[in-house]
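To keep things clear, I will list the structure first and then write my remarks on it.
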Amino acid sequence: MKSSAELKSQAKASLKGRWGQAVLLNLIPSLIAIALILLILVPFILFIASMSDVTSLQETMVNDNGGSSAGSSGGGVVSGIISALFMSGISWTYLDVLRGQKSQIEPFKDAFRGFSGLFIGGIIGLAILIWLFTTLWTLLFIIPGIIKSYAYSQSYFIYYDTIQETGQKPRVLDTITASRKLMDGYKGKLFWLDLSFIGWHILALMTAGIGYLWLNPYITATKAAFYNELPKDVAY
């Protein structure tokens, strides 16, 4: 396994001449999220503004608050699934570029790779089960939940590679198990790789978040390089 510095260098080399495409690729999900929020929020605000019966509005809000906990949990799962659909396709794109299997990033096409019929069902299944397993482990203690999140972290890459190599969809549980086996002995390595980006996160925050336009592709490409270096014969 290469060092964190070597993985970062590999990621930067794969992004050379493609930074503009990479920024747009990672930006598309954010723009879509903003558009959806506006489509939902603006009509809601107009509806509230048009209501003249304040008492009725207050009663409605009180009734809605009673189910806020369940709604929040359900919303978390849905947002996690949507994030997984976008991020899996983006991560696969960087992996293909890194391997030389793709010469150009096509932002408006590659951002939606996870939504294709071949992948979407498996990604949704992975997102739900990973969320469920991680949540259950976190209920015991925070640390086991974090450890398991690292153990399951390669599931989307494994799912993609299995389909690319065999043409068949692997079972979701088998994919998660493969990730757990693949990360045996490497969870600490990935943890330290994440820690190595702390300085970059601070710089990005100092730019009011604008720096994340470049940092997110850098991190995602580095994670693809990390996966590419793992001994695949251990998992499958």
Side-chain angles (χ1 to χ4, degrees), residues 7-40 77-131 152-172 175-176 178-179 197 200 204 209-230 232:
L7 292 174
K8 288 180 177 180
S9 295
Q10 194 174 5
K12 285 188 287 187
S14 70
L15 291 172
K16 187 176 181 181
R18 304 184 179 95
W19 279 103
Q21 301 167 351
V23 168
L24 186 55
L25 176 64
N26 280 76
L27 184 60
I28 286 174
S30 298
L31 294 177
I32 292 175
I34 292 172
L36 289 175
I37 290 173
L38 291 176
L39 286 173
I40 295 172
V77 176
V78 172
S79 64
I81 291 173
I82 295 174
S83 176
L85 287 168
F86 277 114
M87 288 310 301
S88 58
I90 291 173
S91 297
W92 299 341
T93 297
Y94 291 133
L95 181 64
D96 287 345
V97 170
L98 186 74
R99 290 172 169 175
Q101 297 173 351
K102 190 175 180 65
S103 59
Q104 293 294 325
I105 296 173
E106 303 172 90
F108 294 100
K109 177 181 178 181
D110 293 333
F112 297 94
R113 293 179 71 180
F115 289 83
S116 69
L118 188 61
F119 298 110
I120 187 169
I123 293 174
I124 292 174
L126 285 172
I128 293 174
L129 286 184
I130 290 173
W131 172 85
Y152 306 146
S153 62
Q154 308 306 305
S155 297
Y156 299 103
F157 282 123
I158 292 174
Y159 190 79
Y160 175 69
D161 265 354
T162 303
I163 291 178
Q164 293 295 94
E165 293 171 7
T166 67
Q168 298 179 348
K169 297 180 181 179
R171 294 197 305 175
V172 172
T175 303
I176 293 175
S179 177
F197 284 104
W200 288 107
I210 296 176
Y212 278 105
L213 292 176
W214 290 268
L215 179 57
N216 284 337
Y218 182 26
I219 292 175
T220 309
T222 304
K223 294 291 185 69
F226 175 87
Y227 167 75
N228 201 45
E229 289 294 316
L230 291 171
K232 307 303 184 298

key: Full working for side-chain hydrogen bond (donor to acceptor under 3.5 Å, both in side chains) between D110 and Y94   = CA-CA 10 Å; D110 293 333; Y94 291 133; over 6 Å; no
task = Apply side-chain hydrogen bond (donor to acceptor under 3.5 Å, both in side chains) to D96 and Y160, showing your working.
result = CA-CA 11 Å; D96 287 345; Y160 175 69; 2.7 Å; yes
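At distances below 3.5 Å, not a single donor-acceptor pair connects side-chain atoms of R99 with backbone N or O atoms of N228.
Rounding to the nearest 0.5 angstrom, the gap separating the NZ atom in K102 from the CG atom in L95 is 12.0 Å. Note that the OG atom of S88 and the CZ atom of F157 stand 9.5 Å from one another [nearest 0.5 Å]. Note: K12 NZ to T222 OG1 = 8.5 Å, rounded to the nearest 0.5 Å.
Using a 4.5 Å heavy-atom cutoff, the side chains of K223 and L7 are not in contact.
The minimum heavy-atom distance linking I130 with Y152 is given by the pair CD1-O, 4.0 Å. Contact between I163 and P170 at its shortest, heavy atoms only, is CG1-CD, 3.8 Å. In this structure, Y156 and A127 approach most closely via the heavy-atom pair OH-CA, 3.3 Å. Across Q10 and A225, no two heavy atoms sit closer than the pair OE1-CB, 4.0 Å. Shown here for I176 and S155, the closest heavy-atom pair between the two residues is CA-OG, 3.8 Å. In terms of heavy atoms, L15 sits closest to P217 at CD1-O, 3.9 Å.
Taking the ring centre of F197 as origin, the terminal cationic atom of K8 falls inside the region bounded by 6.0 Å and 45° from the ring axis.
A ring-centre distance under 6.0 Å is found for F119 and W92.
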